[in-house]
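Protein chains get the first letters and strands the later ones, always in sequence-line order, with residue 1 at the start of each.
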4 protein chains.
Amino acid sequence: MPRIGMEPVRRKALIDAAIAAIGARGSLDVTMSEIAGIAGVSPALAHHYFGAKDDLLQATMRHLLSEFGRDGRDALAGAKTPRDRISAIIAISFSQTQFQPETIAAWLAFYVEAQRSPAMRRLLKVYARRLNSNLMSGLGPLMERSRAERVAEGVAAMIDGLYIRRALKEGAPNAASAIALVENYVETMLAAGDAAP
Amino acid sequence: MPRIGMEPVRRKALIDAAIAAIGARGSLDVTMSEIAGIAGVSPALAHHYFGAKDDLLQATMRHLLSEFGRDGRDALAGAKTPRDRISAIIAISFSQTQFQPETIAAWLAFYVEAQRSPAMRRLLKVYARRLNSNLMSGLGPLMERSRAERVAEGVAAMIDGLYIRRALKEGAPNAASAIALVENYVETMLAAGDAAP
Amino acid sequence: MPRIGMEPVRRKALIDAAIAAIGARGSLDVTMSEIAGIAGVSPALAHHYFGAKDDLLQATMRHLLSEFGRDGRDALAGAKTPRDRISAIIAISFSQTQFQPETIAAWLAFYVEAQRSPAMRRLLKVYARRLNSNLMSGLGPLMERSRAERVAEGVAAMIDGLYIRRALKEGAPNAASAIALVENYVETMLAAGDAAP
Amino acid sequence: MPRIGMEPVRRKALIDAAIAAIGARGSLDVTMSEIAGIAGVSPALAHHYFGAKDDLLQATMRHLLSEFGRDGRDALAGAKTPRDRISAIIAISFSQTQFQPETIAAWLAFYVEAQRSPAMRRLLKVYARRLNSNLMSGLGPLMERSRAERVAEGVAAMIDGLYIRRALKEGAPNAASAIALVENYVETMLAAGDAAP
DNA sequence: AATGAATGAGCCTTCATTCAT
DNA sequence: AATGAATGAAGGCTCATTCAT
């Protein structure tokens, strides 16, 4: 029973299905049929709305990115001090929306794909730049610029590292300990402000 | 002209070819023909020696692992103090053997595969445990046990994060700055020894 | 805004679009969406008016045929002598309306289709018969019947051959030289009237 | 039971199957499965030996071309006088090898494809050039050069036209009457040598 | 009158894998 | 020891066609 105005509904459903499928498989090695099946539509329809598989995958990545961006903006909005901003960024990186097995797997898969696909790499760079600028908005006022840059890089690396290492753990992701680790890094770096680079 | 004792030669050649192929593709999405072609043999021979593709891939991973292990032992052998041990571990993580586009891509690909394949996950855990115990052999004597554990986790995450983020950078990997970042983390943690957390 | 009496307009537009699409592609291998797109309507509408794709194609062929017939009648109307009739038929075969890349491609494509589809073959036979009778109306009075038949067949073959061979030439079709070749054939046959075969 | 040295056998079988399939369908619109099926192998094998469908089709065309070339050389070898050469060329154009429903259909289909595919067009031009030079080797000595050129073009057009018009006839191709028609054209042109262009 | 929504069927192509030699 | 031959299975994608609105 075709109703009108289904396009946005289907697009959303297919992107969600893609995330679910990628999460379940743990890689981008999912079939269009699989994704379409999860979304409850035929593979042909997925092609109808997204063209090729790559396009759907990129749209999925873009969706993850925009969610991450929205979460970031929301978190930053409630943060008063620069220090608060840092914590807010760290917190949302491991929030329940982001730090979930499915989403983690999807991010990881996209990282791999980025090595091959320039389009994916471009998208991932957007994420990296955004994370960096968010972190710098907190770290900048608290220490010398070049040092802030380095700490931001360290925080970002640690976050991504914790994401990737989730693959090795059993059970549900432990966001709290991940957050504590990064916070401790930041805290120590702030405390050692007088000292070295 | 079949010669005797070719098995080890072929196995080595095929594993090297697998690393090369994975490195070039940037993912495990390589064909047996591709690998065999690089090794200069027929795909049938690859099956003859390794059974299935997954077996070859696991053997490849195991090879990477043992190389990493050997590098680690070598590095540790020359380190006198605990502090030296830490630096040695960090150094070899970014050594020219390890921190190369091809090897990085392979590691990353295996991380992804680990999410699906228990066998791969097991192998990757071996790596994680080994890295951890190596780090602990340096950090243990220098700070309280539980804190050392956490710092080791932080170092490991940072290393893996720097690996993964290589995918976003252009040009050759910059090992020096990566090492500096991790060393600085360790240094600051050691300096803040009296304090938290 | 549905208007009444749109049917003939749409049918005409779709048939023109089909010719354009076939001409552009150089074969009948065009999609309904393509044709509908050129006509500025939805593929569903094309089905609504024509049933199946084959029906639209046949209608297109019929349109070409009726155009050819009309051109022929017009040309014959102005021809006084039998000899004039022959020249008129040859001329319209290579007139600007007929001897155009698009139309040529369409004719050729239909010839191929005729091998498979009896309906198409029937239509094409109508064309052949019409061309033959037109030619005979000129050749008949000028030579013995059986010889006229053969010359008509030769002229028809030459015309179709020149059409098909257009596919091999670059640039715009050269109608003049094509006409000259056929006219020369006719002329020589008329001159050799007394002789063979 | 795989034996060695099958490649040439399979290639031949697949090309023959392609001709058969195209002949049966009357167009290039045949599937790889169909062709492979006729050849008695799997579709995968067809791809194994020919790469893509287009490559198999081109190889098929090239085969037809080389057969035509071989037939032409053979025919020309036995012709003593220029006049004999002309007749020989005409004869082989309608020989039992060439003027068969299947081969005719294949030629026609390739003509259509040539409008789209530059590679096919190139191949077809080879055929046209060869036919032209063959004809000129007979017509050249018998009349003025520019006139010979035109007669050669006329003969070629008539031959191709008779091929295409086969699609309209029922029953087996009538080679004899086709040959007679072309021969008569040549004869008349030769007889009218003194006269017009 | 017209279309967006949706799909089944089918095709090309790739690839891991097997087997006889 | 090594490979050419061969295929089954599966995936991406296209397209004519239908249907409710």
Side-chain angles (χ1 to χ4, degrees), chain A residues 1-7 9-10 29-36 40-56, chain B residues 1-7 9-10 29-36 39-57, chain C residues 1-7 9-10 29-36 39-57, chain D residues 1-7 9-10 29-36 40-56:
Chain A
M1 313 111 190
R3 304 233 199 119
I4 221 112
M6 293 304 285
E7 173 150 5
V9 180
R10 296 303 188 198
D29 214 2
V30 290
T31 72
M32 284 298 263
S33 300
E34 221 171 315
I35 296 173
V41 298
S42 72
L45 196 69
H47 279 100
H48 177 64
Y49 283 126
F50 285 96
K53 186 186 178 181
D54 263 11
D55 298 322
L56 169 53
Chain B
M1 308 111 188
R3 298 204 226 140
I4 54 170
M6 289 305 282
E7 173 150 2
V9 180
R10 297 303 191 196
D29 215 1
V30 291
T31 73
M32 285 297 264
S33 300
E34 220 172 318
I35 296 173
V41 299
S42 73
L45 196 68
H47 276 95
H48 177 63
Y49 281 127
F50 286 94
K53 185 185 179 184
D54 264 10
D55 298 322
L56 168 53
L57 256 24
Chain C
M1 307 114 185
R3 300 204 226 140
I4 54 170
M6 291 304 283
E7 172 149 4
V9 179
R10 297 302 191 197
D29 216 2
V30 290
T31 72
M32 286 296 263
S33 299
E34 220 171 318
I35 296 173
V41 299
S42 73
L45 196 67
H47 275 94
H48 177 64
Y49 281 127
F50 286 95
K53 186 185 178 183
D54 265 9
D55 298 322
L56 168 53
L57 256 26
Chain D
M1 312 112 190
R3 306 234 198 119
I4 221 111
M6 292 302 285
E7 173 150 3
V9 179
R10 297 302 189 198
D29 214 2
V30 291
T31 73
M32 284 297 263
S33 300
E34 221 171 315
I35 296 173
V41 299
S42 72
L45 196 68
H47 278 99
H48 178 64
Y49 283 126
F50 285 95
K53 185 185 179 183
D54 262 11
D55 298 322
L56 169 53

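- Distance check, rounded to the nearest 0.5 Å: OH of Y49(C) to CG of L56(C) gives 13.5 Å.
- When each of dT7(E), dG4(F), dA16(E) is scored by its nearest atom to the side-chain atoms of S42(A), the top-ranked nucleotide is dT7(E).
- For L57(B) and dA16(E), the CG to C1' distance is 12 Å, given to the nearest whole Å.
- Closest of all the heavy-atom pairs between A46(A) and M32(A) is CB-CE, 3.9 Å.
- The base-pairing partner of dT18(E), taking Watson-Crick or G-U wobble contacts with both distances under 3.5 Å, is dA5(F).
- A straight line from NE2 of H47(D) to C1' of dC12(E) spans 5 Å, rounded to a whole angstrom.
- At whole-Å resolution of the value, CD1 in I35(B) and C1' in dC15(E) are 12 Å apart.
- The minimum heavy-atom distance between S33(C) and P43(C), with the atom names listed, is OG-CG, 3.7 Å.
- Contact between E34(D) and V30(D) at its shortest, heavy atoms only, is OE1-CA, 4.0 Å.
- Of all nucleotides listed (dT14(F), dT17(F), dT7(F)), dT7(F) comes nearest to the side chain of V41(D).
- DNA chain F is contacted by both L45(B) and V30(C); L45(B) maps to the nucleotide lying nearer its 5′ end (nearest heavy atom per residue).
- Comparing dA16(E), dG4(F), dT13(E) against the side chain of T31(B) picks out dA16(E) as the nearest.
- The residue G5(D) sits close only to the backbone: its heavy atoms come under 4.0 Å of sugar-phosphate atoms, none of a base.
- Of the side-chain N and O atoms in R10(B), one or more sit less than 4.0 angstrom from OP1 or OP2 of dA2(F).
- The separation between F50(A) atom CZ and dG12(F) atom C1' is 16 Å, rounded to whole Å.
- Mapping M32(D) and D54(B) onto DNA chain E by nearest heavy atom places M32(D) at the nucleotide closer to the 5' end.
- Residue-level contact check: Y49(C) touches the backbone only, with heavy atoms under 4.0 Å from sugar-phosphate atoms and none from bases.
- Take the nearest nucleotide of DNA chain F for A44(A) and for K53(A): the residue whose nucleotide is more 5' is K53(A).
- Counting to the nearest Å, the C1' atom of dT3(F) and the NE2 atom of H48(B) are 11 Å from each other.
- One finds the NE2 atom of H48(A) at 11.0 Å from the CZ atom of R10(A) (value rounded to the nearest 0.5 Å).
- One interatomic measurement links the two molecules: CG of D29(C) to C1' of dC11(E), which rounds to 12 Å at whole-angstrom precision.
- For E34(B) and dT14(E), the CD to P distance is 13 Å, given to the nearest whole Å.
- In this structure, the CE atom of M6(D) is 13 Å from the C1' atom of dA20(E), given to the nearest Å.
- Nucleotide dT13(E) is matched to dA10(F) when pairs are restricted to Watson-Crick or G-U wobble geometry with both distances under 3.5 angstrom.
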